Amino acid sequence: MTTACYIAAAIALLATGAVLFSRNTVHGLLYLVVSLFAVAVLFYTIGAPLAAALEIIIYAGAIMVLFIFVVMMLNLGERSEHRERQWLRPRTWFGPAVLSAALLAELIYVIGALPQGTAGSSMGARLVGATTFGPYVLAVELSGILLLAALVGALHLGQQPREEETSSHG
Amino acid sequence: MADLLLSHGLILAVLLFGAGLLVVLSRRNLMYILMGIEIMLNATGLVFVLGGARWGQPDGQVLFILVLTVAAAEVAVGLALVLQMYRQRETIDADAMRELRE
Amino acid sequence: MTVLLALIPALPLAGFAILALAGGVLPRRGIGTVAVGAVLLSALAAAICVIPMLGGGQGVTTVDLWHWVVVPGLKADMALRLDALSAVMIGVITGVGLLIHIYSATFMAEEHGYRRYFAYLNLFTASMLILVLADNLLMLYMGWELVGLCSYLLIGFGYEAPDNGRAARKAFVVTRVGDAAMAVGLFLLVAQFGTLNIAAIMDQAQLQWAAGQPLAIAVTLLLLAGAVGKSAQLPLQTWLPDAMAGPTPVSALIHAATMVTAGVYLIARTHSLYELAPPVQTLVAIIGAATLLLSAFSALAQRDIKRILAYSTISQIGYMFLALGVGAYSAALFHFMTHAFFKALLFLAAGVVIMALDDEHDIFRMGDLRRRLPGAFWGFLAGGASLAALPLITAGFYSKDLILSDAFRSQAGSGWLWAAGVLGAFLTSIYIFRPLFIAFGGEAKTTPQRRATRPELFAIAVLSVLSVIGGLVEIPSALGGYHGFSAFLHATLPAVPVAGETALGEGTLMLISAAVVLAGLGVAWWRFGTGAAVEHDNALLRLWGEGWGFDRVYDLFLVKPYVWLARIDRRDVVDLPYTLIAAAARTLHRGLSATQTGRLRWYAASIAGGAVIIIAIGVL
């Protein structure tokens, strides 16, 4: 099991790196999906099967699919690959790389000071559900409202612009 | 269950977060920026689950569900905005929107 | 009595305060009423205080108002002192001041700054009264500076025109030179006597100083410098002709009747000190004689009617200095009084002419005003005759004749001084009848647009009467002898030390001066009275017209080097902190603006960078 953990971790990292350097948008999305699957496997191995399932169903299955829908709708075409190559020059990502490296270094330094060890029990869906609608029920309601707001917002923002002469807002 | 050191898991999460940050900062295509944000959110969720697994409590997973919800909401609105921008500008270059400059 | 005395300067000061603070709500009539009323009440108070003194001129009244400066080494109070000398001064200041306030009520009626004008005029009257009623030299200096300030404010009254501001600045700066010297003189007095009380100083000086002592010479010289500056004598006379840029009533009040005579008052007040420094007293006489001649020549060459009168003022004050220099204090004060009458009258009449011809100052563009502006004509005639000292029928004759005879007969006088005075009288006659004939005679050049108003005519009429009969308070012995004026002043000022028998008697001197004046009138009639006025222009006239080139010399040797120094010192070390602050602000602005690029990734990077820094601070 432990080796599966580390292998999944390695795959996640590599896939994410591939997202970073991909030139085709759809390729990048698919690499991202791979990364999400790897993280889901990792979840399963440390005893969070519900989290693993939800990761795949919601994250990879709904959110990434949304991304792909939009990419298809935009229909960027042949020029996109050439443009991406142009945009991703070493001098573009050198500064951000330095910044991220600094952040990583600090965080790793902090992590080194934490207590070690991990427990091994597996917490199933029933336990998670009881906890969700127990102490965390308020958060559930709030996230429901958040989703409603996101729904309305996305509906309004995604509208086609009106062609009328006198439009109050479009 | 696997015997994964907490610190190793956190290091993985931190690395994923850094990679996501790198994606956000160095790509000009708006879709990639949104992808990078998703990667960062995923890494954050990973931290929560790791924490819950370490102490043997389901709270980590509960919070992971909430993080997932937030990510979904944000993606919905973000993609709607990308669509709107493409309709108005015919491009999804993040550097093309500079009206708020000094 | 003491309250009345304090009211004399307090009432115009209150008038100033009312107009300055609350005058915005008053209509024109209200403003004029407040201003004229303040001076009227002050004049009444002055009359009530002075009339009891007329019997013998005795009676010194002092009013201690409050302690002003109490420091180790100097104690000065706000105290007023009324004696014969200050009585003459306040009589003239309030009387002539009242008439000029009345005149201004309608003269300045179309001005935008009506309230400001009257506020300043009231303040000036109050300051001048403080100056002459002051018991100690510190309070006198305060009044001195205040009148200088009011002069600046009133010359530059029409501040929209830059020329007025320049003239006001010039007046202020030139008199400042004198004021600074006077301050040093006051410092010396404090160091020597420990007090600035005038009576105390004069008593102590007579006890402690021998005649001709260096300290006495130094102090009197410095005080003389202050007097020369304020009274526009050589070498500080350059500001007065330019000060004519101010409104005409201002010229009448400040630059003819009162402020410019402050120097005369100062020397008369501290006469004991001057008697202890004979060289300086002679210098006073020499300055007076030289000034009266030089400015008389200048007055001959002017075209602007007000500049003629300005140079005339300088010249007449030269006569007063001449009288002070030979010890004829009463004569100087007598001439001061008559000069206040006829010079103010001349200015007021000139003001009527200038306003009637729509701000025309050039006499060669005026003509036949005798028929068209009769009020101004008769006023100018009366004033001009008095200035020229037409024999017997004018006040000026009696005062000028007294000065000339005292200059000849005094121990400190000399024939040369007398001759200078006589020559001056000849020139005076010419230079004042010249504009009379040119502007009021001859043919009409421009039509008057505006007639004189009743208040203006009232003031001119009163002053005309005074210019004619005002001399009768002091009639020389040769004509009957009535010495009321000098008897009045005798309580405070010593009489002229007459040097026994002299070559020419009083009567002869009088005949000579009368002849000279009539000769001048004849010359003026011959050159300017018949037919058209001929405008001359040659090098000599131009030199005289520019005031003998003093302005040019000062500009070359004083103004230009100073301005050059200021220019090369424009950016020196002291400026560095201020410019650095400005430069730092600008650099910061540019730096911060650069962070607002409007690019999404830039902002995200700045968030990440901030996170890095904060975690670093927490970790390390």
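From a predicted model like this one, the values you see are computed outputs, not experimental measurements. Quick note on labels: first sequence line is chain A, next is B, and so on, each numbered from 1.
- If you measure heavy-atom distances from F67(A) to chain B, the contacts under 4.5 Å come from both the backbone and the side chain.
- When atom types are taken as modelled, the side chain of R87(B) and the backbone of G158(A) share a donor-acceptor pair closer than 3.5 angstrom.
- When heavy atoms are compared at a cutoff of 4.5 Å, L104(A) approaches chain B by way of both its backbone and its side chain.
- Contact annotation for L15(B): both backbone and side-chain heavy atoms come within less than 4.5 Å of a heavy atom of chain A.
- T69(B) places a side-chain N or O within 3.5 Å of a backbone atom of I65(B) that can act as its donor or acceptor partner.
- Heavy-atom pairs under 4.5 Å with chain B were tallied for L142(A), L148(A), L151(A), T16(A); the largest tally goes to T16(A).
- Across A130(A), A9(A), G153(A), the residue that shares the most heavy-atom pairs under 4.5 angstrom with chain B is A9(A).
- Most heavy-atom pairs under 4.5 Å with chain B, from the set G144(A), G129(A), S143(A): that is S143(A).
- Shown here for I63(A) and L68(B), the closest heavy-atom pair between the two residues is CD1-O, 4.5 Å.
- For chain A, the nearby part of Q57(B) is the backbone; its heavy atoms alone come within less than 4.5 Å.
- Listed options L155(A), T132(A), L42(A) were ranked by heavy-atom pairs under 4.5 angstrom with chain B; first place goes to T132(A).
- Contact of V23(B) with chain A is made through backbone and side chain together, with heavy-atom distances under 4.5 Å.
- Here the side chain of E55(A) pairs no donor or acceptor atom with the backbone of F37(A) at under 3.5 angstrom.
- Only the side chain of V39(A) comes within contact range of chain B, with heavy atoms under 4.5 Å apart.
- The parts of L66(A) that come within reach of chain B are both its backbone and its side chain, each placing non-hydrogen atoms under 4.5 angstrom from that chain.
- Using a 4.5 Å cut-off between heavy atoms, V24(B) makes no contact with chain A at all.
- The part of V70(A) that comes within reach of chain B is its side chain, from C-beta onward, which places non-hydrogen atoms under 4.5 angstrom from that chain.
- With chain B as the partner, the residue from L146(A), T131(A), I58(A) showing the most heavy-atom pairs under 4.5 Å is T131(A).
- If you measure heavy-atom distances from L103(A) to chain B, the contacts under 4.5 Å come from the side chain alone.
- In this structure, chain A has a heavy atom under 4.5 Å from the side chain of F17(B), while its backbone stays farther away.
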